[in-house]
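All remarks here apply to the structure that follows.
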Amino acid sequence: MYDNKRLGFLFVLPFVLGVLLFKLTPFVMSFALSFTQYDLIDPPEFVGLRNYQELATADPLFVKSLGVTMWFAVLAVPLRVGFALLIAHVLNFKLKGINAFRAAFYIPSILGGSIATAVLWRFLFAKHGLVNIVLAQLGLEPIAWLADEHYSMWTIVLLFTWQFGSAMVIFLAALQNVPTSLYEAAEIDGASKTQQFWRITVPLITPVIFFNLIMQMVHAFQEFNGPYMITEGGPLHSTYVLALYIYDQSFRFFNLGYGAALSWVLFALVGGLALLSFWSSKYWVFYAGEKDKK
Amino acid sequence: APWVHAQGSRTLRFAWWGGAARHSATLAALRLFEQRHPGVRVKAEYMGFNGYLERLTTQIAGRAEPDLMQINWAWLAMFSKRGNGFADLNAQQSVLQLDQFGADDLAYGQVQGKLNALPLSFSARVMLWNESAFRRAGLALPRNWDELFAAGPAFRRALGDGAFPLDGELYDMMLLAQTWVQQRHGTPYVDPLNRRIAMNEAAALDWVRTYRRLVNEHVCTPLPLRASLGGAEKPTEQQPDWVKGRWAGNYTWDALIGLRASTLPPSEKLALGAFPTLPGALDSGLFGRPTLMYAVGRSSPQPELAARLMNFLLCDPEAAKILGRTRGLPSARSSLAVLQASGGLPPLELAAHDQIQAQRLAGRLRRPAPLFEHARFLKFMREVFETVAYGKTSDLDAARRLVNEGQALLQRL
Amino acid sequence: MAAVNLRGVEKTYPNGFKAVHGVDLDVRDGEFMVFVGPSGCAKSTLLRMVAGLESITGGELRIGGRAVNDLPPKERGIAMVFQNYALYPHMTVYDNLAFGLKLAKTPKAELDQRVRHAAQLLEMEHLLDRYPKQLSGGQAQRVAVGRAIVKKPDVFLFDEPLSNLDAKLRAAMRVRLTELHRSLREAGQPATTIYVTHDQTEAMTMGERICVLKAGVIQQVDTPTALYERPANAFVAGFIGSPEMNLVPAALQDGAVAVGGVRLPIPTERLGRALAVSGEVQFGLRPEHIGIQPEARPGTVAVTGTLRFCEHMGAEVFVYFDVGAQAFSARINADQIGDLLQAPRGSQHAFQFQMGQAHLFDARTGVALR
Amino acid sequence: MAAVNLRGVEKTYPNGFKAVHGVDLDVRDGEFMVFVGPSGCAKSTLLRMVAGLESITGGELRIGGRAVNDLPPKERGIAMVFQNYALYPHMTVYDNLAFGLKLAKTPKAELDQRVRHAAQLLEMEHLLDRYPKQLSGGQAQRVAVGRAIVKKPDVFLFDEPLSNLDAKLRAAMRVRLTELHRSLREAGQPATTIYVTHDQTEAMTMGERICVLKAGVIQQVDTPTALYERPANAFVAGFIGSPEMNLVPAALQDGAVAVGGVRLPIPTERLGRALAVSGEVQFGLRPEHIGIQPEARPGTVAVTGTLRFCEHMGAEVFVYFDVGAQAFSARINADQIGDLLQAPRGSQHAFQFQMGQAHLFDARTGVALR
Amino acid sequence: MNQVEATRTPWLRYLTLGAVALVMLYPLIWLVGASFKSNAEIFTSAGFVPSQLDFGAYAKGWKTSTEYTFATYFLNSFLITIPRIVVTVVSCVLVAYAFARFEFWGKKTLFAIMIGTMMLPLIVLRLPQYLVFREIGWLDGYLPLIVPSAFATDTFFVFLLVQFLRGIPRDMEEAAQIDGCNALQLLWHIVVPLLKPAIISVIVFQFIWTMNDFMGPLIYLASVEKYPVSLALKMSIGATEEVEWANVIAISVVALIPSVLVFFAAQKHFIEGASSSGVKG
Ligand SMILES: Nc1ncnc2c1ncn2[C@@H]1O[C@H](COP(=O)(O)OP(=O)(O)OP(=O)(O)O)[C@@H](O)[C@H]1O
Ligand SMILES: Nc1ncnc2c1ncn2[C@@H]1O[C@H](COP(=O)(O)OP(=O)(O)OP(=O)(O)O)[C@@H](O)[C@H]1O
Ligand SMILES: [Mg+2]
Ligand SMILES: [Mg+2]
């Protein structure tokens, strides 16, 4: 049945139509825009590769923000995915009241980019905020988190990490698909809980780990809320991520053409990384439901 | 055809942003307008400030903007570079009481000869002092630059390191410093009439130095400090130090006086300060522009009706009564008169208004360059001053950047 | 020292079903104990409780003298073959076998040697690189067995480890597992073994003792021969032996049973306790103790039966016939069967009942009378 | 009409392993065909190909005369019992059984009746509300069987459906499945059945014909008796029958084989084609054709063997002994065994070889000489 | 259920969990506390405990400064969220099923496109998308917010479901094929139950994300009576006027309730996978 090509295509048809109807035009338009100068008022003016040329050669802000974005992704993605996996693992224990904990851990993600998050995060990382109080308790020097270009990145990285709820929920769901009997077999084989986690759980949920890595990478490269709300890209552009720059260019400076060019560079970057990940997944992702291929 | 026009020609779309008071007052005024114009329905598209510009931008680009909209003065330069971004109100002179506005007021809404927008109110910079705090420091309110600069060390001595006579975010302090330069060199940073930087390198250097002096002499709260306290752009009234009276002043828009006062305990008394002026200054250096403006959409199918609504909101005495101060003290003379007659205006704000009007009437308030508050340009200026504030650049380098890069940037906007 | 002792062990599943009812059992150190019993009688449950995979809801379990009720599986020194194999789908066969050893930090060379040895024993060296989903049922089962035997545990738990193998391979495996057990004992590392099976041959040839279970209750624990020859009750009698023992209601009187209208005298040495009884009993006689050729064996009685049908099994033929209203089966050597194979359904024949092998059970309780 | 015809059917797995090598087989409409063969010989693969779960990489498959190579499973009119059960974990036993009928929009009352009937047949009425994970291995297997038999398919495919049942239950199931098959045929709805089993008894008693497979190649297809009596080659001879046939290399000359230094004359009627042959052959004799009591059967030859050991199996004893360097086994009735059981290892005894039952195979190809 | 049994030292677990949970809950607790505070109090203390307990802020916040109460906005939110969830689940499950199980022409390309559509920042697509919907004539309505989801354009969910499905063995599906399932029945009777945890998380995410979505409604909805909660929440936050933060915060707290409830209702299903089963041995 599964090699009925027509049926398979019928099932993806909604997606094909969706792409044609709602995605194709915007994509093509934005790609076309990236070769123009467009300020919303006057019709776009074709400028060829000028936008790309400019960002490659004459835009230190782009270079800076590209670096910031990559650094952010490098820090934030493993932290969020790792944390989510760890907590999901812990929350998968049978324990009284575990439901409440699950909800508690998800709350930050429900709050999303709300005012409360912004206000709170600024409170936490303010000079006299909770974080510094804790540091002081540990006998450490207080840190001007929001005002120090070397530390400001951490505030948004931690915010990103803190909102690990969705990844956690996905992991929780994935953990259910690991057959109990395998844990039993591993237990008999003498595996400790930790070993079971690393050698049974992790390999068997690699499809979902892979999913979370890819998605969080995509999200991290497009992260906007944190830097926008908490640090406003500063200080000294130390948290001026690409998404912020694209936003500024497109919707504050009205350089829609340039913004589109920036976006497509980001697209190429993320796409390249994703391609790399997909290629690597052959070697570490295990699909129980996949027929082997020739 | 877009939905906007499909709803019959007697529906007017009117967009504004604001807070609770503004919303309910405006809605009431609109009801009155509808009563007066049977068959006309005004569709109120209002919201908070957050996202307003994004939506408006999208709508304008999609030619689906409201018939009447509330805008910022600075947006004129972005949406209407050649005066074609909004409907030309000159065509609606018959329904607009332009005579209620001063020539200067009208000029703010003019782009290349086209009247794109009318001002609702005018706002400029004032010195707002916390009298009680100064009393605690044992100081008198500063009346001129020297006293202002002197207040810094005095405050530190009297109340400690964390106390400052003046607070303001980076932009506020840039403007304050510019005021000094303008009084001294007689020119603002950007030429109001031509696309060029008006300051020479020496003036720019003074600008940077004045800013640095404000910080170094403990007059104003340094940028890194503000940032470390929870964000460089956190408004003054949200600063615990302001609420507790440890930061004793604010250089800000007169329109914000009420907001700044709102978190202060009753024990703290605010006062309007004298505007510091260098002896022999040609120009007050005061920075002011319309707070809000109304514009009619360029693709509006009923510009006349929209203009009528605009006129009603700006000049109608009854509307003025209903709207009150929700959009500042009106620029339209008749409306202002109505408010003044009905009394109850807070004295501090009235005083500020008078202070500013006095400068305007004396011709000492120069209209700023339209591009000065362009987002891209603002970002550039902030960038330079941020590097100054964080000590990442020499004053001279900063001044050079301001002149050279600023010049280049202006050409491209 | 790894005797396994169960004292009043009980298991109630979360849904309220009581699967194990106070089981007392002592498996001696190094003993090969076989569990048999009908499907669903809690063999796996017991095994899993010994392994520590299922909580013990009552009673006490000791391994090597230590109470282990609350000890996690990995500290019990056991190896187990799961009924459903539970192979690690993401590991090759080699890695499945090596997993336990790797965890125990076995030196690489030794690990490799042990894995290959087990693979060889189980005739699956050519499968080492495969993944479980590329295996046939029997191959997967052998991997499951292999995973247990690469380890050197104190206790082996086998849950129907050979059920999916063909007769020939199964026979070979049977011998190899028995030899493995023997060699371990001879090497002074006796491994106590509990072995669940449905295969009579396995049970009879491998088990030093057999434990017969029924609905979570032990029926009898004894050596294979004893079980066969002296079943403790009708259930055991019927369960052990294939085809199963003929068990029919009968009236016992004066040392003879009346079955389907025929009176069958029972030799006195077989009567035992039943000597004094008279009334309803259950009379049991194994199919192999019914012949068709007249024999001069003492106590053999010729009974006329009505033929129902014959099943030809190669070396032997199962003959089904009725005596009165009672159904009987006989197991006859193929070379003795003669014309019976062609005889029509319903024809009458003489059957030789070896009454010296007869069993009598209490009609109500089923307990053996002897 | 649902004959199943395979023509040159082949299967190569994606990893390159060729599991089925050009199988030609005709299962007649309503026939009960049994597949046997060693573990991994592609029984399941063939079954899954007939079911349509595994793509056919070569040859043609017809069901009821229709080429079905590319037909999805549900259009083939089959029911199947999976070797690994594949029960629906999220449905109760009842729903597992009813699922197929629900899909076929069977009226509610009939559905219920059929489900309950199947449950009764399989002795699992008390389990209908359970979920699969609350079942024992044997219970789950019965559910799997039940899922197939509630349907009225044209073709039944059973993949070792009784492997996890105890002997008694298995015997009962065997009978019931056979009866089901028979009653369907009698009702004029014959269901072609392909039945994979490792159980000799099942194969011999249930199969109308048996197909013996080895490594994806058919060795012989014939009735049980024919297979037992006239195996086509040494493999079949060794595979059918338990314990397996004694197969030893021997030198054939002048109508007699020399085994372990002993000359065994073979009756001429057994020699057939081998009459003309002389040289190396394989000599086969089933354990049941070796006795210990002298018999006056024509062609029986007494051979002296060295005792290795005896296995007591209840009704019979397997005796293992050597003749020269060759190992033999004999299957002796327990009541004939006498003192042999106590005889020491290595002692010499006379064994009666019924040469009238001897088999000869080509030494190289293994093909039967007759 | 496939939860691991926690064996030892539960109190240690509780302690760690509790500590981490506190960090996680801090903002919520703070929010609730702040809903009873004055502006000055809100901006000066990071503590939770308000100086008085006055539910006035809730009443005032609920009434809003607009012509409508929050009842309208909540209703609007549900009018967007619920249909959107329904169409999302249906379309995404279908498409994911096709990607994970079927072979068809162009599968790889389509899959790449699917992943690709997530990689362009939404900001740059905003304007083109707006123009598309303007052309269709769907502005100032809920259709632009709902209809694209009906075409599986929320590729995050598609990808999520694909990855789950690829990890689930095909045995049950094979059995069901034999039982006579066609592809849709297979999907409904077998795949959906096995995917339940994943589908539930899709529902939860879509609910919460749609409830929180600000930009979408902002762009496409102009009429106040159509605003969802996310827009209405920021209604009274002008730039230059005094904001009664307690009201805003109070209503933010209320706005969280549906999401929290949905999460609570759903969460037992995250941990009730059906596929981990089989026969024990
Ligand atoms: N999780 C469970 N919940 C409720 N009852 C269960 C559960 N697991 C097993 N049972 C029941 O407990 C009894 C014993 O099951 P067990 O698996 O031990 O049987 P078994 O002797 O191994 O049978 P088989 O030979 O068929 O494998 C069975 O009746 C079974 O239905
Ligand atoms: N997916 C696969 N990829 C590669 N080889 C496979 C795959 N599935 C099965 N095989 C191999 O094909 C052969 C036939 O397998 P099959 O399952 O048909 O055996 P079987 O006869 O059913 O054996 P058993 O009696 O052990 O169940 C085996 O050698 C097996 O290892
Ligand atoms: Mg079992
Ligand atoms: Mg098989």
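Atoms considered below: every heavy atom in the structure, side chains included; atoms not considered: hydrogens, waters and symmetry mates. Chain letters run A, B, ... following the sequence lines, proteins first, then strands; residues in each count from 1.
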Contact part of [X] toward chain E, heavy-atom cut-off under 4.5 Å: side chain, backbone, both or neither?
X: A/His128; answer: neither
X: A/Tyr247; answer: both
X: A/Phe197; answer: neither
X: A/Phe31; answer: neither
X: A/Phe286; answer: neither
X: A/Ile205; answer: neither
X: A/Trp121; answer: neither
X: A/Ile110; answer: both
X: A/Phe83; answer: side chain
X: A/Leu204; answer: neither
X: A/Leu256; answer: side chain

Under a 4.5 Å cutoff for heavy-atom pairs, which residue among A/Ile246, A/Leu111, A/Leu172, A/Leu182 has the most contacts with chain E? A/Leu111
Just give me the residue among A/Ala126, A/Ala288, A/Pro108, A/Ala174 that pairs up with chain E most often, heavy atom to heavy atom, under 4.5 Å. A/Ala288
With respect to [X], which candidate in [options] satisfies the side-chain contact (heavy atoms from CB on, under 4.5 Å) definition?
X: E/Pro121; options: A/Leu266, A/Leu242, A/Leu262; result: A/Leu266
X: A/Val90; options: E/Val20, E/Leu17, E/Thr16; result: E/Leu17
X: A/Val12; options: E/Tyr97, E/Phe111, E/Phe99; result: E/Phe99

Separation between CE (E/Met118) and CZ (A/Phe221), nearest 0.5 Å, reads 14.5 Å
Hey, could you give me the CZ/OG1 distance between A/Phe15 and E/Thr117, rounded to the nearest 0.5 Å? 5.5 Å
I'd like to know which of E/Gly106, E/Ser259, E/Pro148 tops the heavy-atom pair count under 4.5 Å against chain A. E/Pro148
Below 30° counts as parallel, above 60° as perpendicular, anything between as tilted: where do the rings of A/Phe101 and E/Tyr14 land? tilted
Classify the angle between the aromatic ring planes of E/Phe156 and A/His219 as parallel (below 30°), tilted (30 to 60°) or perpendicular (above 60°). parallel
Grab the two heavy atoms, one from [X] and one from [Y], that are nearest each other, plus how far apart they are.
X: E/Phe159; Y: A/Met215; result: CD2-SD, 3.7 Å
X: E/Tyr26; Y: A/Leu130; result: CE1-CD2, 3.9 Å
X: A/Leu7; Y: E/Ala183; result: CD2-CB, 3.4 Å

Is there a side-chain contact between A/Val169 and E/Val204 in this structure, where contact means two heavy atoms from C-beta onward sitting under 4.5 Å apart? no
Side chain of [X], backbone of [Y]: donor and acceptor closer than 3.5 Å?
X: E/Gln163; Y: A/Pro207; value: yes
X: E/Arg170; Y: A/Gly289; value: yes
X: E/Gln267; Y: A/Asn99; value: yes

Taking the six-membered ring for Trp, are the ring centroids of E/Phe133 and A/Phe22 within less than 6.0 Å of each other? yes
